[in-house]
Chemist: 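Quick one: structure below, then a few questions.
Along the sequence shown, residues carry numbers from 1. FYI, side chains are in, hydrogens and waters are out, and symmetry mates aren't considered; it's all heavy atoms of this structure. Everything quoted here is computed from the prediction, not taken from an experiment.
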Amino acid sequence: MGEHVSSTEDGSPYKWRQHLMKILCKRAGVKHFTFHGIRHLTASILAQEGVDIPTIQAILRHKNSMTTTRYIHRLGITKNVLEDVFG
């Protein structure tokens, strides 16, 4: 076991972050996704669980709440929430 949490096959650390997820996904046998995809998943889960926009904004570290609102809207969450509230 090497000193790094994740390393290349020879035990050396990854030098390029953009290749890390591709290699990790391949090793895990799952479809490739990115760090940004994890952010989308996090926002989606939080919004579906009813977490408010300011809290999601803080977790995602968006400086502007409109960024978070657009982010959530693109995930199709806002429409579902409005339908639940207004039927």
Side-chain angles (χ1 to χ4, degrees):
M1 178 122 181
E3 67 179 271
H4 304 286
V5 173
S6 185
S7 60
T8 62
E9 290 180 11
D10 69 3
S12 61
Y14 286 103
K15 294 181 182 176
W16 298 282
R17 184 180 65 160
Q18 68 268 25
H19 300 297
L20 174 63
M21 287 304 289
K22 189 175 190 178
I23 293 166
L24 291 177
C25 288
K26 184 177 178 180
R27 284 185 188 173
V30 298
K31 183 179 174 185
H32 176 251
F33 60 91
T34 63
F35 287 109
H36 196 73
I38 295 169
R39 288 174 60 84
H40 276 277
L41 177 62
T42 300
S44 176
I45 292 169
L46 292 171
Q48 287 175 345
E49 291 298 317
V51 176
D52 61 11
I53 295 292
T55 302
I56 297 172
Q57 175 187 352
I59 291 168
L60 298 179
R61 300 180 67 187
H62 288 154
K63 292 181 182 179
N64 186 315
S65 64
M66 284 306 296
T67 303
T68 308
T69 302
R70 282 193 304 270
Y71 211 82
I72 299 300
H73 178 72
R74 285 189 192 135
L75 296 172
I77 304 299
T78 335
K79 180 181 174 190
N80 296 336
V81 171
L82 291 174
E83 287 174 357
D84 289 346
V85 172
F86 297 107

Chemist: Nearest 0.5 Å please: distance from the OG1 atom of Thr67 over to the CD1 atom of Ile56.
Modeler: 13.5 Å
Chemist: Name all residues meeting the side-chain hydrogen bond (donor to acceptor under 3.5 Å, both in side chains) criterion together with Thr55; count only those two or more places apart in sequence or in a different chain, and write none if there are none.
Modeler: Asp52
Chemist: Taking Ser44 for its side chain and His40 for its backbone only, find out whether a donor-acceptor pair lies under 3.5 Å.
Modeler: no
Chemist: I'd like a table of donor-acceptor pairs (distance under 3.5 Å, sequence neighbours excluded) in which one partner is a side-chain atom from residues 59-66, with atom names and distances.
Modeler:
unit_1: His62; atom_1: ND1; unit_2: Thr68; atom_2: OG1; d: 2.7
unit_1: His62; atom_1: NE2; unit_2: Arg39; atom_2: NH2; d: 3.2
unit_1: Asn64; atom_1: OD1; unit_2: Met66; atom_2: N; d: 2.6

